Enquirer: 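Here it is: the structure, laid out below.
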Amino acid sequence: MTSYHQPVLVEQILAAAGDARRVVDCTVGGGGHALALLGHGATAVLGIDRDPEAIAAARDRLGREAQLLEGAYDLPHVLDAVRSFAPEFVLLDLGVSSRQLDDEVRGFTFRPGAALDMRMAGSGPTAADLLNQIEERELEQILRTLADERRARRLAREMCRRRDKRPFVVSDDLVNAIRAVLGPRSGPGDFARIFQGIRIAVNDELEGLARALPALRDALAPGGCMAVISYHSGEDRVVKRAFQEWARACVCPPHELRCRCRGRPLGHLEPRKPIVPEESEVAANPRARSAKLRVFRKAAQ
Ligand code: SAH
């Protein structure tokens, strides 16, 4: 039997979608949110995912009710498809699915012996390629900014020292390097944080997100809504900055004497603060633990 993960913050997503009929789910995964939206009054759903296995799972689950498209949501032809769909609601539920995490072959896990892969689309350089080839400085930067690692410099140095002796191949190679620097008290929380940061780098996730957001906003029907669930401070920062910038009336640089920009907000955040799951949801679904939902409503005109 296929196991699907529990979609996160479903009630809140349905509330944001309101009576939207045309919906694009940019990270359809196993189709959990898409199915809930179809049950809530959506009549046309376009589901996107860069992972062919997710597309197959969504097809199984959603049947003919949804149109599905394989590809990263920031690719030009995918954004064209979103534009022609003219959605009233756009959803992004970022990161990896529990199914991807659980599938050892995909190499997102730090379970012993798992290959260091981490590619969502299954093509391009793997995590092992990245770790074996990247310059020490750049590695340090990834560890600091994407993995929130305080000992980024020492860890980067240790990883480079180790890979020069023997290239990184499996999760244990990375876990051992982390243990060597963070000490014997380091554990699954540290491994998860550092693996997540490396995964974000392998898939170029923040750049893709920052590129896609304005195009998705433009594709939204006037008065429509965009909802983004993030699981990582770097992801959330990209979303928050974009939404805040769009909500400002004037975006002229400070030295402009007269406003030359659009001079009106493109929409507003709804609500201003991010929405987080109730404790009961976190207890029932570990993936909800770090989830933050931000919602932007596009101006009606
Ligand atoms: N909301 C889904 C779960 C989404 S998990 C559900 O309820 O089942 C996140 C999904 O986003 C994963 O399947 C992953 O492959 C996909 N994904 C991550 N980044 C992507 C990107 N840039 N483009 C398209 N899909 C992406």
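First listed ligand is number 1; within each ligand, the first listed atom is number 1. Fair warning: this is a prediction, and the values are worked out from it, not measured in the lab.
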Enquirer: Check each heavy atom of Val28 against ligand 1 and say whether those closer than 4.0 Å belong to the side chain, the backbone, both or neither.
Expert: backbone
Enquirer: For Glu245, which residues count as a salt bridge (Lys or Arg N to Asp or Glu O under 4.0 Å) partner, sequence neighbours excluded?
Expert: none
Enquirer: Do Asp93 and Arg287 sit within salt-bridge range, that is, some charged N less than 4.0 Å from a carboxylate O?
Expert: yes
Enquirer: Using a 4.0 Å heavy-atom cut-off, which part of Gln100 comes near ligand 1: side chain, backbone, both, or neither?
Expert: side chain
Enquirer: Looking at ligand 1, would Ala121 count as a contact under a 4.0 Å heavy-atom criterion?
Expert: no
Enquirer: I need the single residue from Val202, Ile198, Leu174, Asp129 that forms a side chain to side chain contact (heavy atoms under 4.5 Å, CB included) with Leu116. Which is it?
Expert: Leu174
Enquirer: Distance under 4.0 Å to a non-hydrogen atom of Ser97: what atoms of ligand 1 satisfy this?
Expert: 5 (S)
Enquirer: With heavy atoms of Asp51 as the reference, note each atom of ligand 1 found under 4.0 Å away.
Expert: 15 (O)
Enquirer: So if I apply the side chain to side chain contact (heavy atoms under 4.5 Å, CB included) rule between His33 and each of Thr27, Val28, Leu14, Asp25, which one comes out positive?
Expert: Asp25
Enquirer: Residue-level breakdown please: for Ala212 versus ligand 1, do any non-hydrogen atoms fall below 4.0 Å on the side chain, on the backbone, on both, or on neither?
Expert: neither
Enquirer: Heavy-atom contacts with Gly30 under 4.0 Å: which atoms of ligand 1 show up? List them by number with element.
Expert: 8 (O)
Enquirer: Considering only heavy atoms of Ala72, which atoms of ligand 1 have at least one such atom less than 4.0 Å away?
Expert: 23 (N), 24 (C)
Enquirer: Is there a heavy atom of Gly31 sitting under 4.0 angstrom from any atom of ligand 1?
Expert: yes
Enquirer: Going by the order shown, which atoms of ligand 1 are within less than 4.0 Å of some heavy atom of Pro7?
Expert: 7 (O)
Enquirer: If you link ILVMFWY side chains whenever their heavy atoms are less than 4.5 Å apart, which other residues fall into the same cluster as Val169? By chain and number, please.
Expert: Val170
Enquirer: Check this for me: does any side-chain nitrogen of one of Asp190 and Arg179 sit under 4.0 Å from a carboxylate oxygen of the other?
Expert: no
Enquirer: Answer side chain, backbone, both or neither: which part of His33 comes under 4.0 Å from ligand 1, heavy atoms only.
Expert: both
Enquirer: State the atoms of ligand 1, each with its element, that fall below the 4.0 Å cut-off from a heavy-atom position in Asp93.
Expert: 1 (N), 2 (C), 3 (C), 4 (C), 9 (C)
Enquirer: With a cutoff of 4.0 Å, is Arg287 in contact with ligand 1, counting heavy atoms of the residue only?
Expert: yes
Enquirer: Take Arg154 and Glu158, measure what salt bridge (charged side-chain N to carboxylate O under 4.0 Å, His left out) needs, and give me the verdict at the end.
Expert: CA-CA 6 Å; Arg154 278 187 51 203; Glu158 176 66 14; over 6 Å; no
